[in-house]
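A short worksheet on the structure shown next.
Numbered from 1 within each chain, the chains take letters A, B, ... in sequence-line order.
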Amino acid sequence: MADAGFPLRSFPPEIHLPRAGRAASLAGSMKFWSQFFIPTLKESPSDAEIASHKLLVRAGLVRKLGGGLYTYMPLGLRVMKKISQICREELDAAGAIELWMPHVHPVENWEQGPRWAAAREIMFRTDSAGAGKGRSKEPEFVLGPTHEEVITPLVKQEITSYRDLPKNFYQIGTKFRNEIRPRYGLMRAREFVMMDAYSFDADDETAVKSYFAMKSAYEAFFKRIGVTAIAVEADTGVMGGSFSHEFMVPAEIGDDDVIYNEESGYAANREKATSALVPADLADVAPAGPVEEFATPGVLTIAALAAAPYSVPGEQQFKTLVFIGDGKPFLVILRGNDELEEAKLGSLGFTVFRPATAEEIEPVLGAKPGSLGAVKGTIKNPAALAGVFADRAIRLTGNGTTGANKDGFHLRNVNVTRDLAITKFGDFRRVRVGEPDPKGGRPLQAKRGIEVGHIFKLGTKYSEKFGAVYTDDQKQSHPMVMGCYGIGVSRTMQAVIEQSHDADGIIWPWNVAPFQVVIVVLDPLMQESADLAKTIALAAEQAGADVLIDDRVERPGIKFKDVDLIGIPLRVTIGSKGLKEGVIELKTRRQKDMVKIPVAEAGERIAAAVREAASRA
RNA sequence: CGGGGUGUAGCUUAGUCUGGUAGAGCGCCUGGUUUGGGACCAGGAGGUCGUAGGUUCGAAUCCUAUCGCCCCGACCA
């Protein structure tokens with residue numbers, strides 16, 4: 001068989017640009033499909049549910065090792081590198097400094113930190129009973145899910161003066177979380193790639209500046225990689241801290257609900273979202289009379305009390321929930337028809353909390369679930385309670401009904417201020433679509449989103465625990481004010497696919513495409529095709545594109561299908577049919593139509609197309 | 001952790017209810033015909049039916065245990 005002029009691997013050496021003296025870059029490294037490795041699949045793997053997960057596998061970007069564990073294949077790795085590099089550039093521009101920390105942490109760091117109790121569940125750790133395997137004592141290690149417990153002691157050690165602040169350190173690397181249920185490919189993985197950054201400031205004012213500098217860097221980052229991500233107010237969760245934004249990619253398959261109103265600009269994670277349901281100047285309803293007890297045999301639910309013969313509407317009931325926070329029971333009071341937003345209990349300051357069991361409830365309140373209440377004087381052992389926390393919305397309810405803390409009895413004419421033993425009001429209910437938004441009073445809407453980034457203003461939670469203090473110009477010692485910031489790099493790659501694909505495959509945004517130009521050589525054994533491919537590839541590469549040359553000896557259908565699947569933005573087709581007319585074809589992944597370009601102008605025109613695409617990206 | 005499903009060739013799967021020679025498509029290998037949107041013909045290789053025990057003359061199939069994976073829920077920096 002004639003190998004004349006091909007495969008393209010036999011390129012004469014002079015067309016390879018010299019490496020010496022060039023900066024390290026992905027650019028200028030054209031690949032030949034026949035020499036590269038892009039194992040595409042016609043069929044979707046049976047364990048993939050969502051489009052982006054199927055495409056990740058079908059396009060040969062990743063392969064699964066086990067649940068939530070993935071190999072990044074050569075093509076996928078190229079995308080990951082590009083996303084990381086853009087992330088790096090934007091963070092550097094914002095003044096952050098890259099470093100690299102171990103991902104294996106001594107467990108002591110975590111035991112000393114503020115969130116060990118809450119975080120240990122999801123952390124991989126060495127077997128503390130590992131002794132007896134040859135060594136009498138095994139040190140214990142955990143795999144880092146993030147690095148506050150490493151960076152804070154480091155900064156404590158290295159930075160002691162206000163002159164060295166502020167500082168913002170970041171790294172891009174592997175993170176480990178033993179997710180209870182990994183799913184959707186890279187969306188929720190056990191091992192994943194994340195950028196994490198940590199800012200240290202002398203005071204609150206500059207810490208806020210650092211925070212918003214990072215917010216801007218994030219916005220620039222997501223814009224550059226070509227993904228729509230919106231910043232929404234978020235719950236601080238286990239991280240703690242004073243405020244927080246999440247960056248969400250809108251997508252049906254997202255894990256989070258974003259509550260928003262387009263006109264007012266309000267946007268928040270449902271866990272954090274609030275509404276203007278309760279007016280600030282709300283006056284209490286006048287009591288209709290003294291509290292009355294009445295028998296409600298067998299009535300254990302809000303719905304049962306709302307039904308005949310009692311007919312007390314849900315919003316006229318007070319719902320009493322019992323939780324155990326750091327070992328002590330506490331109560332949460334909501335309107336009967338409202339749902340608890342459990343994340344909001346995080347603001348109460350407990351390290352860990354969970355719903356109480358029926359056995360735990362009875363000795364404290366004096367009744368079983370279904371007849372519980374918080375009316376003064378009815379609680380069996382009020383001294384045992386860590387507090388009674390009431391959702392503000394219960395103030396909308398006057399002369400309501402609640403459990404009597406006596407099985408089979410309820411109380412009516414219950415009024416919030418007069419009758420309930422409330423420690424503190426707060427926002428604990430889940431908002432509903434249609435309620436007035438807190439910014440402009442317009443109706444709230446909801447959509448699903450994928451969380452791809454998260455920024456927190458942490459305050460001094462970690463610096464105090466680890467003693468990360470500095471001395472100011474008055475010789476006074478203060479804890480540093482911290483912020484922490486994360487971007488899920490691998491998750492972002494999948495979010496891009498989820499947001500940018502069609503029935504044929506992925507449509508990569510220019511800046512993160514594994515290759516920006518693919519040259520489909522339909523007759524790779526023809527010398528003329530091979531020569532032209534070389535010329536065009538060089539021109540495209542010199543214009544700044546990463547070039548893939550499909551030099552495989554395959555039928556055209558297979559080549560076109562593969563190219564669409566892997567989503568390369570610009571496609572140049574060289575075929576004998578076109579060459580007879582003296583033309584090649586140029587087509588974008590996004591558009592169906594193609595333009596014919598005279599062979600003589602090919603290099604120049606392709607280079608122009610590359611420059612144009614790059615300038616638009 | 002609770003509920004549901006599933007495990008058969010590299011991939012997608014049929015067969016399991018009702019026990020009796022393990023089948024197909026894709027992919028792969030050989031030869032030929034093809035050649036601008038996942039071709040066709042002929043031939044071929046490839047399977048401890050997740051694993052371990054049990055029932056049976058006989059188990060992919062029935063029973064028990066166990067492991068993996070997927071979905072729903074809980075959970076989720």
Side-chain angles (χ1 to χ4, degrees), chain A residues 39-50 53-54 57-58 60 63-69 110 113-116 118-123 144-149 175-185 187-190 192 194 196-198 234-241 244 246 254-256 269 271 342-343 346 352 354-355 450-451 453-456 458 461-462 483-488 491 503-505 520-526 529 552-565 571 573-581 583-585 587 592 594 596:
Chain A
T40 59
L41 297 173
K42 199 144 62 166
E43 288 180 284
S44 294
S46 59
D47 59 5
E49 278 272 306
I50 62 171
H53 184 192
K54 291 177 181 171
V57 180
R58 287 191 52 209
R63 286 293 185 261
K64 184 166 82 170
L65 173 65
L69 302 171
W110 283 80
R115 57 176 171 161
W116 177 233
R120 59 188 300 171
E121 287 290 302
I122 60 148
M123 292 177 67
T146 66
H147 282 63
E148 284 80 359
E149 282 75 0
K175 294 286 176 289
F176 303 87
R177 295 181 194 177
N178 195 2
E179 293 288 353
I180 300 167
R181 180 146 89 90
R183 64 178 135 176
Y184 296 155
M187 273 312 169
R188 174 165 309 168
R190 289 199 164 98
F192 56 98
M194 179 168 154
D196 49 322
Y198 308 90
D235 182 63
T236 53
V238 181
M239 293 302 309
S244 167
E246 281 170 345
D255 271 347
D256 295 281
N269 190 307
E271 294 182 341
E342 214 172 300
V352 286
R354 58 168 174 86
I450 301 163
E451 181 193 346
H454 204 154
I455 58 179
F456 298 87
L458 277 178
K461 181 174 169 177
Y462 289 85
C484 72
Y485 316 87
I487 289 175
R491 181 185 282 187
D504 293 317
V520 181
V521 187
L522 293 182
D523 306 285
L525 300 181
M526 267 175 61
S529 293
R552 294 174 301 168
V553 181
E554 288 287 356
R555 298 170 58 81
I558 290 176
K559 294 163 82 102
F560 290 137
K561 286 286 182 189
D562 270 348
V563 163
D564 285 347
L565 177 60
R571 185 184 92 187
T573 307
I574 300 175
S576 55
K577 212 163 101 180
L579 291 183
K580 274 179 205 146
E581 297 173 44
V583 298
I584 56 154
E585 288 154 15
K587 177 189 174 299
K592 289 257 181 285
M594 55 180 84
K596 293 185 176 182

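Contacts of A:Lys64 with the nucleic acid, taken as non-hydrogen atoms under 4.0 Å apart, involve only primed sugar atoms and P, OP1 or OP2. Residue contacts shown for A:Glu554 are absent, as no nucleic acid heavy atom lies under 4.0 Å away.
Applying the 4.0 Å criterion to OP1 and OP2 of B:rA77, one finds that A:Thr146 has every side-chain N and O outside that range. Between B:rC72 and A:Arg181, a contact under 4.0 Å exists linking OP1 or OP2 to a side-chain N or O. Considering only side-chain N and O atoms, A:Arg555 lies nowhere under 4.0 angstrom from the phosphate OP1 or OP2 of B:rG38.
For the pair A:Asp562 and A:Pro182, both in contact range of RNA chain B, the more 5′-proximal nearest nucleotide belongs to A:Asp562.
Under a 3.5 Å cut-off, the side chain of A:Arg190 and the backbone N or O of A:Phe176 do not form any donor-acceptor pair.
A:Met123 has its side chain out of reach of A:Asn178: every pair of non-hydrogen atoms, C-beta onward, lies at least 4.5 Å apart.
Between B:rC69 and B:rU8, the two P atoms lie 14 Å apart (nearest whole Å). For B:rA9 and B:rC49, the C1' atoms lie 10 Å apart once the distance is rounded to whole Å. For B:rU64 and B:rC17, the P atoms lie 15 Å apart once the distance is rounded to whole Å. Taking atom P in both B:rU33 and B:rG47, one finds a spacing of 32 Å when rounded to whole Å.
Residues A:Glu148 and A:Lys461 are not paired through a salt bridge, judged by the lack of any N-O separation under 4.0 Å between the basic side chain and the carboxylate.
Each of A:His53, A:Glu49, A:Lys54 was scored for a side-chain contact (heavy atoms from CB on, under 4.5 Å) with A:Ser44, with one residue passing: A:Lys54.
Pair check for B:rC69 finds B:rG5; Watson-Crick or G-U wobble, both atom distances under 3.5 Å. Shown here, B:rA39 forms a base pair with B:rU33; the pair counts as Watson-Crick or G-U wobble because both key distances fall under 3.5 Å. In this structure, B:rC28 and B:rG44 make a Watson-Crick or G-U wobble pair, each of the two defining distances being under 3.5 angstrom.
A straight line from CZ of A:Arg183 to P of B:rG5 spans 19 Å, rounded to a whole angstrom. Rounded to whole Å, atom P of B:rC76 lies 7 Å from atom CD1 of A:Ile180.
With 3.5 Å as the limit, one finds no donor-acceptor pair spanning the side chains of A:Asp196 and A:Thr146.
Side-chain to base pairing of A:Arg188 with B:rC76: one donor and one acceptor N or O lie within less than 3.5 Å of each other. A donor-acceptor contact under 3.5 Å is formed by the side chain of A:Glu43 with the base of B:rG25. One can find a donor-acceptor pair under 3.5 Å joining the base of B:rG37 and the side-chain atoms of A:Arg571.
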